[in-house]
Structure formats: C-alpha cells, structure tokens
Amino acid sequence: MLDKKYNAAEKEAKWLNYWNEEKIYSFKRDDRKVYSIDTPPPTVNGKIHIGHIFSYSQAEMIARYKRLSGYNVFYPFGFDDNGLPSERLVEKEEGKKAHEIGREEFSRLCYETTDRYESEFKNLFSRLGVSTDWKNAYKTVSPSTIKISQASFLDLVDKGHVYHKESPALWCNECLTSIAQAELETKTIKTTFNYVKFTTVEDGEEFIIATTRPELLPAIVCVFVNPSDENRKHLIGKTAHIPVIDVEVPIMADEKVAIDKGTGVVMCCTFGDQTDIEWWKKYNLPLKYIFTDDGHINDTVPNYGGLKIKEARAKIIEDLQNGGYIDHIEDLEHEVQTHERCGHEVEYTVMNQWFIDIMNHKDDFLRIGREIKWYPEYMFARYEEWVNNIAWDWCISRQRYFGVPFPVWYCADCGEAIIANREDLPVNPLVDQPPVDRCPKCGCTNFVPENDVMDTWATSSVTPLINMRYGEEENYEDILKPMSLRANASDIIRTWDFYTIVKSFYHFGMRPWDNVMISGFVMANKGEKISKSKSNSKQEPLEVLNTYSADVVRYWAGSGRLGTDIAFNEETLSRGKKLINKIWNVAKFIEMHLADYEDREFTDYEFIDRWILGKFAIMQDQFLRYLEDYEIGLALNTLEKFFWNFCDNYIEIVKHRLYRPEEFGDIKRYSGQKTIYTLLYRLLQDFSIFFPYITEEIYQELYHQEKSIHLTQIEKIDFDFKDEAVLGDNIVDIISIARGEKTNNNVSLKTPIKTLNISVYSKLKEAIEEAILDFKATLFIENLNVEETESSFEVKSIILDLEDNDN
RNA sequence: GGGCGAUUAGCUCAGUUGGCUAGAGCAUCUGCCUUACAAGCAGAGGGUCGUAGGUUCGAGUCCUACAUCGCCCACCA
C-alpha cells in the first residue's frame with residue numbers, strides 16, 4: 001500500500017541506497033546498442049553550485065531516456081582535480097602560496113584536498129539522482145589518467161603536432177604561469193589614456209602617441225604609422241626619440257595602424273599586446289623584455305627597476321609630466337584581458353613552452369565541427385566563430401606543480417629534448433630516469449627534467465580517451481569511437497569542446513562524438529550570471545535538495561528550453577512539488593481500484609477509455625520527438641499537460657464506473673481498470689526520466705516486474721484511437737461548460753442537472769450515445785436531450801436541480 | 001565593432017514546417033469539503049505577441065531595418 005502522504009526525504013534515501021546495492025546503473029557489455037555520454041568532469045575547486053545541478057540534470061535525463069529506449073547506456077562520471085583550480089583551492093585553505101609550501105608537500109595536500117571534495121561531490125550528484133556507474137568514474141590526476149594524457153602527448157609528438165619553442169606566451173604574474181587564449185576573461189577597468197610627446201631625431205618634429213601603458217616605454221622597439229596616412233607618412237624612415245627613457249627607435253610603416261585611432265601613431269613594445277608580437281615577428285625587431293615573472297619591472301631598467309608594473313606606470317607618468325612630455329591625459333574605460341582563474345591582468349612573456357599546433361588545421365576543426373550535430377543548432381555558430389578567431393597555437397605548458405607532468409627530460413649540455421617511451425608511462429621526470437643513457441645528439445650523460453606540468457585542458461580534452469581506456473588491453477575503443485553525446489554548458493564550447501575536437505582529430509582523424517548538447521546558464525537574478533568569483537549564487541545545492549527533494553529540484557532543472565538561460569525560480573519549484581504530489585495521489589487512487597485487478601488481454605474498451613488512450617498516444621509521440629532533439633523541458637511540458645488532463649478529466653469521469661460496478665457492470669469497470677493500469681505504468685516510465693525516486697516507489701508498489709522501473713523499456717503503442725481523441729475532447733468541452741454553469745451558480749459540482757439540452761454533429765452524437773453512462777454520471781444528469789446538427793456543437797440549456805443542493 | 005540569442009498576460013515561460021477565437025503556471029477575483037488529492041477542484045478577468053516596414057489569401061511564426069536586454073569574441077596605439 002502506498003502511504004497516505006509521500007515522504008520524499010525518506011523514500012529518496014531508501015531508493016538511492018537500493019540502486020547502489022542492486023547496481024541498477026552499472027555498465028556491462030551486452031548485445032544492445034551502446035549510447036555513451038561524455039560528461040563534464042566538474043572542476044574540484046570547492047563548490048558545486050546550482051548551475052551544476054541544472055546542466056548535469058539535463059544530460060542525466062538523456063541518460064535515463066536512452067536507457068528506457070533500450071540502449072545500453074555508458075554514462076561515466078569524472079572529477080577534474082588536475083591543475084590550477086585545485087592548487088588555488090589548497091593555497092586558499094592553507095593560506096600560503098605553493099612555493100612557500102614546497103613542491104612535494106603541496107602535491108600531497110592537493111591530492112588530499114581534492115579527495116575530500118570529490119566524495120562530497122559524489123554524494124551530492126548521487127543524491128540528485130545522477131544515474132552514473134561510479135565504477136567508471138575517473139579523476140584527471142590519477143595514474144591511469146596521467147598515463148593516457150601522457151600517451152596523448154607522445155602520439156601528438158610522433159605525429160608532429162607538438163613543438164617546444166621559445167616563444168611569446170600569455171603570462172599570469174599572479175599564478176606565475178603561462179596560460180592559453182581560452183583561459184582569458186575580459187574585464188572592464190578604468191584607466192587613463194596618456195598623450196605623450198615624441199620627437200624626431202632628424203628635425204625635432206613633435207608628434208604624439210596615445211597610450212594606456214606608458215610603463216612600456218622602456219620596452220619600445222619601434223614606432224609605426226600607416227603608409228597611406230597623408231598627414232604622417234613623412235615620418236616614415238625617420239628616428240623617434242623617446243622622452244624620459246632617452247632612447248631612439250626607427251619609425252616604420254605598417255598597414256595595420258588605424259589612422260583614426262588614437263593619434264594614428266603607434267609604439268611597438270615587446271610586448272604590450274598581440275599586435276606587438278606580430279610586428280616583432282614580421283619585422284624581426286629586437287626584444288626588450290622589461291617585466292619580471294611576478295609583475296615587477298626588471299632591474300636592468302634604470303629608474304624603474306624593481307617597481308611593480310602599476311607603480312612604474314604612475315612614476316613614469318609623473319616623470320613625463322615633469323619633463324613636459326604629456327600633451328594631455330584622458331580618462332578611459334576599456335576592456336583588458338585577465339586570467340579567468342584569478343582575475344589578474346595578463347602580460348606576455350617569452351620562454352620555452354610546449355605548443356600544440358592549432359593554426360594549421362583550423363579547416364579540419366571546422367569540418368569536424370560540422371559533422372557533429374549541435375543541439376541547439378545555433379550553438380555551432382559559437383564554435384565556428386571561436387575557431388575562426390583563434391590567433392595562437394595552444395600553449396599547454398604551465399609553470400605549476402599539480403598536474404600531469406610532461407614525460408620529457410632535456411640534455412644538460414645541448415638542450416635536446418628526450419621523450420619518454422610509451423611503455424614506461426606514466427612517468428614523472430622529476431623522479432624517474434630518462435629512457436636513454438646518453439643524449440642521442442651530443443652523447444653527454446647529464447639530463448635535467450622538465451619542470452612544467454600540462455594545462456588542465458590538455459587532460460580534460462582526452463575524456464573520450466579516458467572513457468575508452470585508450471591504450472589499455474581491455475578497452476572500449478570499439479564502442480566509444482565516436483561517443484554518442486557530449487553535454488556541457490555554453491561557456492566551455494571554446495575550451496572543452498574545442499580542445500576535445502582537436503585531440504580527437506589528431507589521434508583518430510575523426511569527430512569525438514556524434515552529438516553535442518549545450519545547456520544554458522543559471523542566472524543569479526534575471527540577467528545576472530552566476531559568477532565563479534563573485535559567489536552570488538544564493539542557493540546551496542544541498543540546502544535546495546533538502547528543502548524540495550531531488551525530484552522537485554529536477555523538475556526545475558528539467559524545465560525551459562535547451563541552451564536557454566534560466567533563473568532559480570521558487571515558483572517553478574512549487575509547481576514541481578504540486579506535480580509530484582498529484583502523481584502520488586493519483587497513484588493512490590489507482591492502487592485502490594486495482595486491488596482485484598488481473599492483467600489480461602482486453603480490447604473492448606469504453607469510449608472514454610479509448611479517448612484517453614488516444615490522447616496518450618498523441619502525447620507520447622510528441623514527447624519522444626522532443627527527447628530525440630534533447631529538448632527535455634518541452635518534453636516534460638508536454639507530458640505534464642497530458643497528465644493534468646488525465647487527472648482532472650479522465651479520472652473524474654471514470655471514477656463513477658470504478659466505484660459502482662453494480663450500476664455499470666464488471667466489464668465496463670474492467671475497461672477502466674485496464675486503462676488506468678496501462679496508463680499509470682506508461683506515465684511512470686515517462687516521468688521516471690525526470691523523477692527517478694517517486695516513480696520507483698510507485699512502480700515497486702504497483703508493478704515491480706523488473707528490479708527497477710529504470711530497467712524497464714518504453715514499448716511501442718499498439719492502439720490507435722485518433723478519432724476518439726478528437727470526439728472525446730468535444731465531450732470534455734461540453735462537460736466543462738456544464739461545470740461552469742454550476743460554478744457560476746455557486747453550487748457544488750455534485751448538484752444534479754435536471755435537464756441538459758445539447759445539439760451536436762452526428763459523429764459526436766454517436767460518441768455521446770456510446771459514452772452515455774459516463775457522461776451522465778460525471779455531470780449528474782437526470783435528463784439528456786441530444787439534437788443533431790450539421791457541424792459543431794452547442795449547449796442549448798442547462799437546468800440545475802438547485803433544491804436538491806440545499807439538502 | 002563582430003557573432004549568437006532573447007523581447008508573447010502583472011510575473012515566469014510554451015507556441016514545431018505560416019492556418020480557425022494566441023496558451024500554461026503563478027498572482028488576482030468568484031465559487032465548491034466532490035468516497036485520490038484543499039499542497040485540491042470548477043470557473044472568471046487579464047495580451048494592438050518590442051517598434052516600423054515588407055512578402056502572403058492569411059504573420060506571434062518568414063524577410064529587412066531599428067530599439068532594448070543577455071552571452072561570446074575583438075578592441076590595451
């Protein structure tokens with residue numbers, strides 16, 4: 001027997017435990033088709049926020065849908081505990097910087113801390129009802145993952161897509177590491193635009209350069225004007241004298257200078273921005289690098305050495321002003337590039353870095369991107385735009401500690417890079433010996449290890465390889481190449497999706513997955529994104545789960561259109577709560593009427609039963625079509641709408657027949673029983689995608705043919721009652737009008753109708769005659785007069801038995 | 001500046017390839033204890049579908065322009 005009230009907390013704990021013990025979601029190879037999902041390993045940086053709940057739920061529902069559709073679902077989970085986010089977490093918890101703690105101890109703390117958070121994460125996601133096989137869970141710093149990540153590196157080395165080079169790279173002087181273009185976040189800051197007077201050495205002509213970064217004056221190597229700039233092209237070929245710094249640099253011509261921007265004269269420093277690097281390469285300019293790694297001016301710079309970058313800026317402006325070299329200063333608000341992990345402005349540095357070639361294969365990445373089906377389709381445009389706009393190869397080395405080490409040593413004499421052998425992986429060059437005794441180039445016997453570790457994306461971009469156990473003897477390469485689905489939020493299209501495509505193309509020459517499903521964001525308030533740094537997410541996932549139950553939270557997470565942002569909305573949650581409650585109550589009602597029910601072949605359905613079965617068939621068709629397009633929210637909406645109609649109209653009509661067999665006969669009652677038995681089962685299956693807990697509870701009480709409702713399969717519909725679906729709706733319309741009449745008279749719906757006069761088209765008349773007992777019982781009709789008309793229908797008059805109501 | 005999306009009832013949102021009178025929930029108002037459910041049920045009011053043009057027999061839906069909001073990118077001279 002179902003309980004009178006549904007106690008969500010108790011039941012959810014019970015079934016979660018049951019699923020774990022019975023291994024309901026475990027993955028085993030069998031002869032079914034595999035549907036595989038590449039799930040984002042959440043970054044282990046301390047907090048799961050409500051946004052995770054949202055986007056993971058959506059992919060999870062697809063896993064359940066595919067399972068119900070008969071697929072063998074491969075749905076693993078991972079934790080991204082590798083790299084800078086974990087390091088920052090540990091630094092924050094310890095209140096110390098990594099270099100103060102020491103490399104070895106720091107790594108130990110990273111492992112310990114991430115382990116602790118991962119078990120919390122696991123509990124939270126399990127609680128949410130994530131139907132993953134935890135046996136296949138991975139971490140991005142485990143030995144097996146390091147092995148695969150290093151193997152990926154070796155494969156790319158073999159294929160010539162990796163190079164090691166001294167090259168300008170983006171540098172974060174807060175995190176003390178190089179970073180990749182994808183890790184940049186733009187930020188608006190207030191600064192000043194300084195108009196500095198320069199002069200030509202040849203004839204002392206004054207010209208002005210506007211700059212926001214005067215501290216770069218000591219790094220100036222050249223001045224550019226546009227060759228077609230009529231007012232300034234006479235400067236080309238002359239020499240510029242730099243005030244205060246007192247150096248001379250050539251004035252050159254380049255088309256890239258915008259005549260109307262600033263003063264039309266640009267200084268080129270090494271390096272202030274992307275264009276500087278381009279010019280530096282193009283014209284083979286000298287290198288004057290003036291910053292230290294931790295954001296100071298180099299000691300070699302007179303007067304400014306040792307100052308922080310911003311201090312130097314202030315001082316040089318002051319010096320320029322004192323010397324009369326400032327024409328004027330304007331306030332300016334502009335966007336700067338910052339490191340997304342810490343929010344600090346990035347600089348450029350030149351050092352030895354490992355790069356993956358991106359620029360030479362953009363066309364391939366676009367082609368592969370087009371082979372993948374993107375849901376919603378327009379998300380492909382974001383990918384395409386990103387690929388088209390990439391300006392750098394992918395710098396994968398990080399001057400950090402906690403991550404996948406490069407399997408590389410260098411010859412101490414000649415610098416030749418020695419790469420590990422594949423069979424020795426995983427290796428840590430800081431501990432392990434190189435695979436050769438002598439440098440193959442110069443023959444010396446001294447080696448130094450590579451200190452850098454890999455970018456965290458270098459590893460998370462191989463999640464399909466991790467999932468397929470790439471390079472292992474027992475692997476899933478045959479079933480996961482490609483995987484069926486990648487699911488993630490729109491913010492990591494440019495990183496996770498893009499880099500995974502890059503790697504998959506280089507390793508296998510093919511797409512990593514067939515489909516990509518992109519979810520939107522949870523907004524803190526309308527139009528305000530939840531920010532990692534601002535922590536403006538007011539809803540703690542665990543608290544929300546405790547308050548509303550997992551099923552209800554999933555109702556919220558499953559609503560809305562795919563790819564569309566959503567706000568955390570109490571109203572949606574209370575609507576979900578009501579729906580859950582209604583499911584419970586109707587199940588109780590149905591259980592009550594199935595006490596003597598035995599399932600057997602039966603085709604002699606009553607008209608009203610055929611109506612609701614026909615309505616269900618139409619709904620189910622739409623429902624499944626939405627799910628095929630990964631439109632969870634629209635599918636749920638369709639299902640929900642049908643369900644309320646089922647409760648408020650069908651059940652209200654059929655209940656009389658169920659309660660009073662003496663009046664209607666056992667066969668008519670059985671028809672109703674069979675209908676509610678069939679439909680509740682099918683509804684539970686559909687709802688189980690969204691509400692795994694309550695559907696399991698009801699299924700186990702009422703049906704329990706399988707070990708779990710989540711192991712059942714949606715069967716094809718073998719009935720076709722399209723005509724009844726339309727005619728029945730018209731009958732319901734008439735019922736609604738008659739109910740309205742009662743309501744308008746402020747009387748109970750039980751009030752008898754003395755006489756109901758209606759006129760209806762002939763087919764509807766036949767239907768009403770067929771459904772006459774149900775119809776009359778539902779409205780408490782004493783006398784019914786049905787007139788026939790050409791088309792349409794009308795309620796002519798309703799005479800209520802008001803006296804009866806007074807009793 | 002470039003790309004993408006959004007704009008529909010007081011609020012949150014559906015509205016599929018153009019097709020009868022534009023829908024739902026919440027909120028508001030009016031009723032109803034009805035042998036599952038008052039956390040319920042039955043009703044009512046509420047919209048010139050962002051603006052202006054265009055295509056069409058017909059436009060919330062397609063096209064163009066504009067406005068507002070959001071996201072991503074570029075912009076450090």
Side-chain angles (χ1 to χ4, degrees), chain A residues 2 4-5 181 184-186 189 191 193 196 208-213 216 223-225 256-258 261-269 272-276 332 334-337 345 376 378-386 388-391 490-491 493-494 520-521 523 526-529 559-561 563-567 569-572 574-575 577-593 622 625-626 629 631 633-634 637-638 640-641 644 647-648 651-652 655-656 658-660 735-751 780 805:
Chain A
L2 296 172
K4 188 159 170 38
K5 294 261 171 195
Q181 186 183 357
L184 295 174
E185 198 168 75
T186 50
I189 60 154
T191 183
F193 215 12
V196 182
I208 294 171
I209 287 183
T211 176
T212 56
R213 302 206 53 189
L216 280 167
V223 167
F224 283 101
V225 298
K256 221 184 161 178
V257 179
K261 202 166 175 181
T263 59
V265 191
V266 188
M267 62 181 198
C268 173
C269 310
D273 68 11
Q274 187 72 36
T275 317
D276 290 344
L332 178 73
H334 74 157
E335 306 267 305
V336 293
Q337 292 182 321
E345 289 173 44
Y378 62 77
M379 288 295 178
F380 173 70
R382 294 207 187 178
Y383 172 82
E384 191 175 30
E385 219 228 335
W386 173 255
N388 281 328
N389 285 320
I390 287 181
S490 57
D491 58 333
I493 292 173
R494 63 177 176 153
F521 268 103
M523 307 305 251
K526 208 183 171 179
E528 188 196 337
K529 195 176 152 183
S559 63
R561 278 206 84 137
T564 305
D565 296 340
I566 188 175
N569 188 338
E570 306 260 348
E571 274 169 23
T572 307
S574 72
R575 185 173 166 176
K577 211 168 154 185
K578 281 165 75 167
L579 176 58
I580 297 280
N581 190 47
K582 193 77 175 176
I583 292 172
W584 185 253
N585 282 317
V586 82
K588 265 185 352 190
F589 174 85
I590 287 172
E591 182 186 37
M592 200 163 81
H593 292 283
Q622 177 68 270
R625 266 188 287 136
Y626 277 139
D629 285 340
E631 287 285 4
L634 299 183
N637 211 291
T638 307
E640 190 182 354
K641 212 164 138 190
W644 286 98
C647 292
D648 294 340
I651 293 289
E652 287 303 320
K655 71 198 310 181
H656 305 278
L658 293 170
Y659 276 118
R660 301 197 298 273
I735 290 173
S736 180
I737 292 166
R739 281 173 172 171
E741 183 66 17
K742 293 182 186 182
T743 299
N744 289 340
N745 281 283
N746 297 348
V747 297
S748 153
L749 294 180
K750 274 200 319 191
T751 308
F780 301 89
N805 189 54

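Small disclaimer: the values here were computed from a predicted structure and weren't measured.
Val223(A) comes within contact range of no nucleotide atom at all, as no heavy-atom separation falls under 4.0 Å. Counting any heavy atom pair closer than 4.0 Å across all strands shown, Arg213(A) reaches a base atom.
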Nucleotide N/O to protein N/O under 3.5 Å, stretch nucleotides 38-40 of chain B:
unit_1, atom_1, unit_2, atom_2, d
rA39(B), O2', Asn581(A), ND2, 2.6
rG40(B), O3', Lys582(A), NZ, 3.0

Where do N or O atoms of nucleotides 29-35 of chain B meet protein N or O atoms at under 3.5 Å, pair by pair?
unit_1, atom_1, unit_2, atom_2, d
rG31(B), O2', Asn746(A), OD1, 3.4

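Between the NZ atom of Lys641(A) and the C1' atom of rU16(B) there is a distance of 12 Å, given to the nearest Å. Atom C1' of nucleotide rU7(B) and atom CZ of Arg561(A) are separated by 15 Å, given to the nearest angstrom.
To the nearest whole angstrom, the two P atoms, one in rG10(B) and one in rG47(B), are 7 Å apart. Look at the C1' atom in both rG43(B) and rG50(B): the space between them is 33 Å, to the nearest Å. Taking the C1' atom of each, rU68(B) and rG18(B) are spaced 27 Å apart, rounded to whole Å. The gap from the P atom of rG23(B) to that of rA6(B) amounts to 23 Å, rounded to the nearest Å.
RNA chain B forms stems at B:1-7 with B:67-73, B:10-13 with B:23-26, B:28-32 with B:40-44, B:50-54 with B:62-66, each a run of 3 or more consecutive Watson-Crick or G-U wobble pairs whose two key distances fall under 3.5 Å.
Between Gln337(A) and rC75(B) there is a side-chain N or O to OP1 or OP2 distance below 4.0 Å.
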